[in-house]
Amino acid sequence: MSLSLAMTNAMSGLAAASRGVALVSNNVANAGTEAYARRELQLSSLVLGGAGSGVRVVGVARQTDLPLLNDLRGASAAVAADQTRLEFRETLAPLFGDGVSEGGLPDRITTLLGSLIEATSRPDSRTRLEAAVAAAGSLVQGLNEASHTIDLARTRADDSIDEGVRWLNQALGQVAELNAGIVALEASRQDASALKDQRELLVGQISDWIPVQEQPRPHGAIALVTTGGALLLDGRAPELGFAGAGTVTAGMALGGALSALTLDGREVPMPDGGGPLGGGRLGALFDIRDGLAVEAQAALDAITTDLYTRFADPIVTPGLAPGQPGLFTDLGAALDTLDTLGLAGRLRLNAAVDPGAGGAAWRLRDGLAATAEGAAGDSTLLSALVDALQAARPAPGGPLAGLSRSAGALADETAAHWSSATATLESRLTVAGARADTLLGLHLQNGVDTDAEMQKLMALEHAYGANARVLSTVDELMKQLLGI
Amino acid sequence: MALTSVGDQSRLLLSRSLITQLRSRADRAAAEMTTGVKQDPRAPASGDLGHLLALRRDQRLLDSYRLAASEAATRAGATQTALQTLADSARSVGSGLTLTAGTAQPAQMATATATARSAFTGAVATLNSTVAGVSLFSGVLSDGPALIEGEAMLAALATATAGETTVSGLRDAVAAWFGPGGGYESAAFRGDPAPASSRIAEGESLALPVTALDPGIRTILGSLALAALSGQLAGDPAAQATALTTAGAQLFAGEGAAIELQAGLGLTEARIDARLTEVAARQHSLALAEQDLIGADPYAAATTFEAAATRLDTVLAVTARMSSLSLLEYLR
């Protein structure tokens with residue numbers, strides 16, 4: 001009777017050891033897999049009729065540290081958000097002027113000033129007059145391009161939000177499905193670890209878009225709560241709503257042509273990329289579309305309006321009726337001072353001086369309204385144009401609103417303002433990145449250690465051998481018994 | 001619970017990020033060594049960017065001002081030369097006329113008249129001279145000559161003074177023609193009284209105010225014309241001699257006026273020179289300031305590079321060693 005008990009015990013030991021080896025092999029195979037949590041075998045002694053009888057596999061435990069994982073997800077989301085913002089800032093930096101690349105607005109204004117000064121010395125020289133006109137044209141082009149780049153960035157942000165919302169809806173649905181699957185498996189006492197791995201991966205990806213905290217629910221299910229305090233998923237998957245706007249242009253804003261984010265039909269505010277669903281890449285994209293890009297457009301429009309106004313002054317351009325455009329026009333016409341939004345994209349060179357548009361460069365010297373060439377050596381108007389650019393005027397808007405600056409200084413300081421905000425963001429990103437790296441390192445420490453698995457394997461090998469020996473010894477004894 | 005195992009991936013992460021950091025630090029230091037410019041992408045951005053951009057603008061504008069000032073200097077120099085020629089001509093013809101008038105010999109007076117005539121056309125040609133396509137004495141109408149041809153002017157004068165038979169009559173007629181409101185202003189002068197000006201420094205305009213309408217120049221021309229037209233009085237040698245004497249005296253006065261013009265122009269030239277010197281000095285100091293802002297000390301960069309390279313070496317060696325210290329290796 002005891003012999004058969006011994007045999008049963010040994011067989012349970014063999015089974016446990018084999019199960020252990022299978023687990024070790026799974027761990028080692030998945031040593032490099034993302035979102036794979038190290039498995040450990042949970043054993044306890046088997047109790048039959050009040051007496052111990054061998055070993056029982058209780059289950060497979062997935063080694064995770066939930067608070068650490070939640071912290072890590074929060075940090076990664078912050079990094080993803082700031083990286084998105086930084087990319088936007090770095091796209092615009094060379095256009096505003098960054099001291100490294102050529103062709104920023106300060107460079108273009110300087111070229112215009114320099115060519116005007118050189119023209120005052122030789123007002124008879126067609127080459128110099130045409131160079132000045134070309135410089136003015138290049139300045140207009142720089143403003144147009146910058147405005148277009150901002151529009152493109154907003155359009156891309158809007159498109160990315162659209163795609164992201166679609167993906168999020170799909171991913172949240174999948175998490176709900178996995179929850180159901182895991183609950184079913186655990187209810188029938190089976191190992192749901194693989195599904196939990198998949199779910200961990202998905203939640204990690206969701207968290208980059210909207211930072212979530214995972215909260216345990218019965219039978220292995222989870223609920224997702226955002227760091228902003230909204231309940232995102234609890235049993236039922238939510239429905240995020242967003243309507244893409246196609247091409248975004250300067251006049252379009254949130255609440256008008258641009259859509260907000262809705263959660264189950266209710267609009268969710270995203271102030272500066274934060275709010276209940278903010279803090280991650282989704283929030284950053286809204287911040288770009290509705291905040292940062294709008295600020296950049298305002299700064300650009302301020303520089304443009306300032307330039308337009310400097311030259312629309314009758315002192316600078318005699319014969320100009322009040323309200324008529326000077327060297328620069330708003331799509332060929334005068335500017336409505338109440339409608340400066342998007343002026344940077346609409347600014348054009350006055351056709352009267354543009355040889356490519358039927359005008360002539362000598363009008364720079366003789367006046368926009370001149371019908372025939374005047375005195376070849378007269379530099380009075382050219383000199384007035386130089387003064388117009390160098391005079392200090394209060395900025396009409398943007399980050400330097402109300403401060404008196406020359407045209408060049410306005411462009412310089414706008415560039416410096418943009419650049420220093422970018423630098424602040426970069427240092428914030430560095431700190432967030434370091435935190436995320438540290439947390440990731442701690443998280444990965446819990447992962448598979450092949451050396452430890454090898455040690456376990458050696459022990460299991462030993463255990464298997466011992467159990468097998470017991471089995472063969474008991475077999476021998478039984479044979480002896482039967483051999484009587 | 002005590003830590004019994006450390007995940008493989010955490011070790012990989014650590015060494016990977018360390019190696020990347022060190023490598024980029026070494027790359028940056030290498031770039032700084034070769035280009036001499038700070039490679040830290042945020043170096044000009046911590047509030048210094050506005051300063052750097054303003055500095056660059058100043059440098060570029062100084063180039064333009066230097067060009068304008070040099071061109072003004074060239075014009076002023078050429079104008080000085082022309083005025084010198086006029087003054088010399090006035091002096092030599094003037095002294096010749098005084099001498100000849102003293103003799104009152106018709107033949108010599110005829111020669112003196114012819115000399116004055118050719119001196120007149122020469123002076124007009126000098127006043128019509130250009131430098132680099134710009135006419136020197138025609139004000140803002142700088143693309144054309146200042147005066148009509150000398151011969152044409154004398155012909156117009158001859159017509160205007162046709163009836164004059166006395167010295168005083170001839171003298172007054174010539175003076176009236178060359179005076180305010182006369183034929184010189186209306187028919188002979190092709191330019192514009194407004195002087196050409198250019199910007200030679202920030203907020204500073206420079207005008208070259210000498211045109212062919214200047215009183216001193218008109219005196220010289222008037223005197224030469226008077227001497228040239230004195231042939232009209234050839235019938236009365238005494239009258240002609242008086243005319244020639246008057247012309248000679250006026251020429252000396254004219255020479256004095258021309259020299260004064262030169263002196264004034266000399267002050268302008270000195271101003272231009274001063275600006276050019278200032279520009280050179282400012283450009284030098286701006287270059288130093290820019291170097292301060294974004295320049296990288298090659299020695300410091302070399303030291304940083306060495307340090308980073310050594311550390312990278314160490315990390316790589318340690319990583320290689322650590323990867324061979326695994327149970328798996330010993331179980332083989």
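Letters go in sequence order (proteins before strands), and every chain restarts at 1.
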Item checked: Side chain proximity check, A:Leu385 to A:Leu112, heavy atoms < 4.5 angstrom ->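 Result no, sub-4.5 Å side-chain heavy-atom pair not found.
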Part of [X] within contact of chain B (heavy atom distance under 4.5 Å):
X	answer
A:Leu116	neither
A:Arg365	neither
A:Ala452	side chain
A:Ala415	both
A:Asp451	both
A:Ser427	neither
A:Glu453	neither
A:Glu413	neither

Check: What's the shortest heavy-atom distance between A:Ala93 and A:Trp418, and which atoms?
Finding: N-NE1, 3.8 Å
Next item on the list: Please report the closest heavy-atom contact between A:Leu389 and A:Leu307, naming both atoms and the distance.
Entry: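 Closest approach of A:Leu389 to A:Leu307: CD2-CD2, 3.8 Å.
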Next item on the list: Find the one option among B:Leu53, B:Leu206, B:Leu61, B:Ile200 whose heavy-atom pairs under 4.5 Å with chain A are most numerous.
Entry: B:Leu53
Notebook entry, point to check: In terms of heavy-atom pairs under 4.5 Å with chain A, which of B:Leu12, B:Val134, B:Leu14 leads?
Noted result: B:Val134
Where does [X] contact chain A at under 4.5 Å (heavy atoms): side chain, backbone, both or neither?
X	value
B:Leu325	backbone
B:Arg75	neither
B:Ala69	neither
B:Ser205	side chain
B:Leu331	side chain

Measuring from atom [atom1] of [X] to atom [atom2] of [Y], what distance do you get when rounded to the nearest 0.5 angstrom?
X	Y	atom1	atom2	value
A:Thr424	A:Leu429	OG1	CG	12.5 Å
A:Leu381	A:Leu364	CG	CG	8.5 Å
A:Ser420	A:Leu425	OG	CG	11.5 Å
A:Ser76	A:Leu440	OG	CG	7.0 Å
A:Lys456	A:Leu41	NZ	CG	9.0 Å
B:Glu269	B:Gln80	CD	CD	4.5 Å

Any luck finding a side-chain donor-acceptor pair between [X] and [Y] under 3.5 Å?
X	Y	value
A:Glu40	A:Asn27	no
B:Ser64	B:Arg60	yes
A:Gln390	A:Ser406	no

Note to self: Just so I understand: if I count every heavy-atom pair under 4.5 Å between each of A:Arg38, A:Arg122, A:His417 and chain B, which residue has the most?
What the structure shows: A:Arg122
Next item on the list: Among A:Gly447, A:Gly104, A:Ala409, single out the residue with the greatest number of heavy-atom pairs under 4.5 Å to chain B.
Entry: A:Gly447
Margin query: One thing to verify: whether A:Asp412 and A:Arg405 come together as a salt bridge, which I'm taking to mean a side-chain N less than 4.0 angstrom from a carboxylate O.
Written below: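 Answer for the salt bridge query: no.
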Checklist line | Carboxylate-amine/guanidinium contact A:Asp437 B:Arg16, below 4.0 Å | finding: no
Margin query: Using only non-hydrogen atoms and a strict under-4.5 angstrom cutoff, which residues of residues 271-280 of chain B touch chain A?
Written below: none
Next item on the list: Using a heavy-atom cutoff of under 4.5 Å, enumerate the residues of residues 190-198 of chain B that contact chain A, numbered in order, or state 'none'.
Entry: B:Ala196, B:Ser197, B:Ser198
Checklist line | B:Arg11 atom CZ: more than 12 heavy-atom contacts under 6.0 Å | finding: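 Atom CZ in B:Arg11 is packed in, count exceeds 12.
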Next item on the list: Applying salt bridge (Lys or Arg N to Asp or Glu O under 4.0 Å), run through A:Asp387 and B:Arg199 and close with a yes or a no.
Entry: CA-CA 10 Å; A:Asp387 284 334; B:Arg199 305 292 292 258; 2.9 Å; yes
Check: Where the side chain of B:Thr74 meets the backbone of B:Ser70, is there a donor-acceptor pair that is under 3.5 Å apart?
Finding: yes
Notebook entry, point to check: Okay, side chain of A:Thr120, backbone of A:Ser383: is any donor-acceptor separation there less than 3.5 Å?
Noted result: no
